[in-house]
Amino acid sequence: MNKEKVKLMQIEVCDTAKSMYHSGLVAGTWGNISARVDEDYMVITPSGMDYERLCAEEMVLVNMNTLEYEGGLKPSIESVVHAAVYKDRPEINGIMHTHSTYALTVATARKPIPPICDDQVQILGGEVRLAAYTMPGTEEMAREVVRALKERTGALLANHGAITVGRTLAEAYVGSQVLEKAAMVYINCQSIGGPVEISQEDIDFFHDFFMNKYGQR
Ligand SMILES: [Zn+2]
């Protein structure tokens with residue numbers, strides 16, 4: 001394992017955790033963030049720590065096969081979910097799990113978010129599915145999240161929150177913001193007759209554009 005890469009990922013995870021905290025997507029010590037180091041290792045936020053006081057060295061290096069970790073701090077209880085997603089999706093390098101208000105509202109109504117916003121379908125790949133209610137940090141939750149994320153980069157967790165994934169952690173962060181906004185728009189639309197969904201043809205076109213052509217590459 002590349003120690004330099006571990007350090008870089010620790011800095012990125014720590015910085016992103018603080019940004020996430022200040023953006024209001026999480027409250028208190030809830031939510032968690034990780035970045036992949038390689039096939040076997042990830043760096044994840046520690047369990048139950050105050051985001052404002054986190055420092056990079058406290059981000060926990062976890063073996064994704066055994067869930068063994070290095071250092072004195074315990075990793076997030078949802079490490080099992082992050083590890084399962086990285087194992088299932090080789091192209092994914094960053095994961096963000098939030099308990100943001102609007103996403104949690106829709107997740108608590110146990111509904112998916114239909115494909116309604118342009119940026120939602122571009123970045124998240126269409127409808128945001130709902131993972132069934134399961135106990136946090138269990139294999140069962142890991143399986144449900146992997147299922148709900150199939151061919152998507154965002155999912156809701158029933159009565160719990162949301163999860164987004166990306167080719168980079170920065171992309172997962174943008175996904176969390178877009179998912180939260182889509183959830184808010186979905187709720188607001190209920191008061192004016194309900195949203196109109198975007199067609200599958202348009203979803204495919206826009207998602208392909210984002211994945212392959214968007215930006216300065
Ligand atoms: Zn959670």
Side-chain angles (χ1 to χ4, degrees), residues 12-36 42-54 58-60 62 64 67 69 73-89 92-113 124 128-150 152-166 169 171-184 186-187:
E12 194 181 349
V13 168
C14 186
D15 287 350
T16 309
K18 288 180 193 217
S19 302
M20 175 178 78
Y21 179 72
H22 290 292
S23 72
L25 288 168
V26 293
T29 62
W30 301 104
N32 39 70
I33 291 181
S34 71
R36 181 200 290 278
M42 66 180 177
V43 165
I44 190 164
T45 43
S47 181
M49 296 280 287
D50 186 339
Y51 280 102
E52 286 204 278
R53 289 162 201 249
L54 286 182
E58 291 172 331
M59 302 302 106
V60 189
V62 176
M64 295 195 279
L67 297 181
Y69 59 94
L73 292 177
K74 272 196 283 182
S76 161
I77 186 181
E78 280 148 2
S79 292
V80 59
V81 177
H82 291 242
V85 173
Y86 288 125
K87 288 278 164 193
D88 185 61
R89 300 278 290 269
I92 294 304
N93 295 302
I95 299 176
M96 181 174 282
H97 165 57
T98 69
H99 297 177
S100 53
T101 307
Y102 290 105
L104 181 54
T105 305
V106 179
T108 302
R110 297 198 182 181
K111 289 179 168 28
I113 307 172
L124 304 175
V128 179
R129 298 192 197 98
L130 177 74
Y133 185 69
T134 50
M135 281 294 128
T138 58
E139 291 283 347
E140 197 190 3
M141 174 184 263
R143 274 196 301 276
E144 259 307 300
V145 168
V146 164
R147 181 196 63 76
L149 278 173
K150 277 272 176 266
R152 297 283 193 280
T153 57
L156 295 172
L157 282 67
N159 302 73
H160 181 160
I163 188 165
T164 56
V165 302
L169 184 52
E171 204 171 272
Y173 186 23
V174 172
S176 279
Q177 293 169 311
V178 165
L179 191 155
E180 177 67 354
K181 197 193 68 179
M184 185 183 77
Y186 179 50
I187 294 164

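For the numbers below, each heavy atom of this structure counts, side chains included, while hydrogens, waters and symmetry mates do not. First listed ligand is number 1; within each ligand, the first listed atom is number 1.
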Could I get the full list of side-chain hydrogen bond (donor to acceptor under 3.5 Å, both in side chains) partners for Lys150, not counting sequence neighbours?
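Listed in chain order: Asp88.
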
Donor-acceptor pair, Lys74 side chain versus Gly48 backbone, under 3.5 Å?
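Absent.
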
Answer yes or no: is there a donor N or O on one side and an acceptor on the other, between the side chain of Thr164 and the main chain of Ala172, under 3.5 Å?
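Flag set: sc Thr164 to bb Ala172 pair under 3.5 Å.
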
Examine the side chains of Thr45 and Ser76 and answer whether a donor and an acceptor come within less than 3.5 Å of each other.
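Note: Thr45 and Ser76 side chains miss the donor-acceptor criterion.
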
Are Tyr69 and Ser79 linked by a side-chain donor-acceptor pair shorter than 3.5 Å?
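There is no such pair (donor and acceptor under 3.5 Å, judged by atom type) between the side chains of Tyr69 and Ser79.
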
Around the Zn ion (ligand 1), number of protein N/O/S atoms which are nearer than 2.8 Å:
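With waters ignored, the protein N/O/S count below 2.8 Å is 3.
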
Flag the pair Glu140 and Arg143 as a salt bridge only when some basic side-chain nitrogen lies within less than 4.0 angstrom of an acidic carboxylate oxygen.
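No, no charged N to carboxylate O under 4.0 Å.
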
